[in-house]
Amino acid sequence: MEHLFAKQTGAFSFVKSMRLDKYLCDAGIGTRSEVKKILKKEPVMINGQDVRDPSYQVQETDEVVFRKEVLNREEFIYYVFHKPAGCVCASVDNVHDTVFEYVPMNRKKDLSTIGRLDLDTEGLLLITNDGKFHHELTSPRKAVSKVYYAEVTGTLTDEDVRRFASGLDIGDEKPAKPAELKILSSSASSSALVTVTEGRFHEVKRLFLACGKEVTYLKRLEMGEFKLDESLLPGEYRKFNEEEMQYVKKYKGSTI
Ligand code: URA
């Protein structure tokens, strides 16, 4: 019997059945030949039974588990991740953990972070394989706002608020776009909320540096409509909820 995934409105729908090697391939486990090699060494569990035959026909309702993870066939994956300090937003790093060490391995190949956070920055990081959504959220044209909580050395003043709002020279060709600084506490060291609409390298740290302050702690709280889920501990992730999926539709201007 012919078995294929039909592409409909951006998501795969399972028509009848599909060979196990193709299924694993589509789930991002590896190429067809890699998957065949893997199956020689370790089985996948389909509805509780070990299966090693690459030609096994997986049915739409089957539960497929590989290395203790339930595989999914969705074309697009969206995660909210609470990035801990000490890991980098890169796919490979010889020294530090990458953020991809925290998310399910079966989709790692095509996932990327939406924007980057520094090694020592914590907080909200969106991870997806949806290129259009990624593009819309990072496009300078959209000027999506990012909100950070920052702790800095020195006393923050109304003059700093004014300077942030006026667009600071942070050492690039062009000054930074106006940013909002909301002082939360101010004494020998201070804390504040910062809202920026660009995604320049070390932007928040450089904004403070331009005012003579050094960031000692930085955490991203929001990106557009997306907020850090405080129930996620650093290092934890979850899939987008329904409300967040509505925002995805809004950014893509379509149904998904
Ligand atoms: N600005 C910074 O300086 N660092 C980050 O990680 C994000 C924004």
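Side chains are part of it too, since the values below use all heavy atoms of this structure and drop only hydrogens, waters and symmetry mates. Indexing begins at 1, ligand by ligand and atom by atom, following the structure's order. Model, not experiment: these values are computed from the prediction.
Annotation: cation-pi geometry not satisfied between Lys252 and Tyr247 (NZ/CZ under 6.0 angstrom from ring centroid, within 45° of ring axis).
On a distance-only criterion, His202 and ligand 1 share at least one N/O pair closer than 3.5 Å. Considering backbone and side-chain N/O of Leu117, none are found under 3.5 Å from N/O of ligand 1.
Nearest protein heavy-atom contact of atom 1 (N) of ligand 1 is Val204 N, 3.1 Å.
Between Phe164 and Phe208, the ring center distance clears the sub-6.0 Å criterion.
Across the listed options Asp118, Leu209, Val196, Ile170, Asp118 owns the non-hydrogen atom lying nearest to atom 4 (N) of ligand 1.
Residue Tyr148 places a heavy atom less than 4.0 Å from ligand 1.
Between Arg162 and Glu159, at least one side-chain nitrogen of the basic residue sits less than 4.0 Å from a carboxylate oxygen of the acidic one, meeting the salt-bridge criterion.
Using a 4.0 Å cut-off between heavy atoms, Thr121 contacts ligand 1 through its side chain alone, with no backbone atom that close.
At distances below 3.5 Å, at least one donor-acceptor pair connects side-chain atoms of Lys213 with backbone N or O atoms of Thr155.
Using cut-offs of 30° and 60° for the angle between ring planes, the Phe81 and Tyr102 rings count as tilted.
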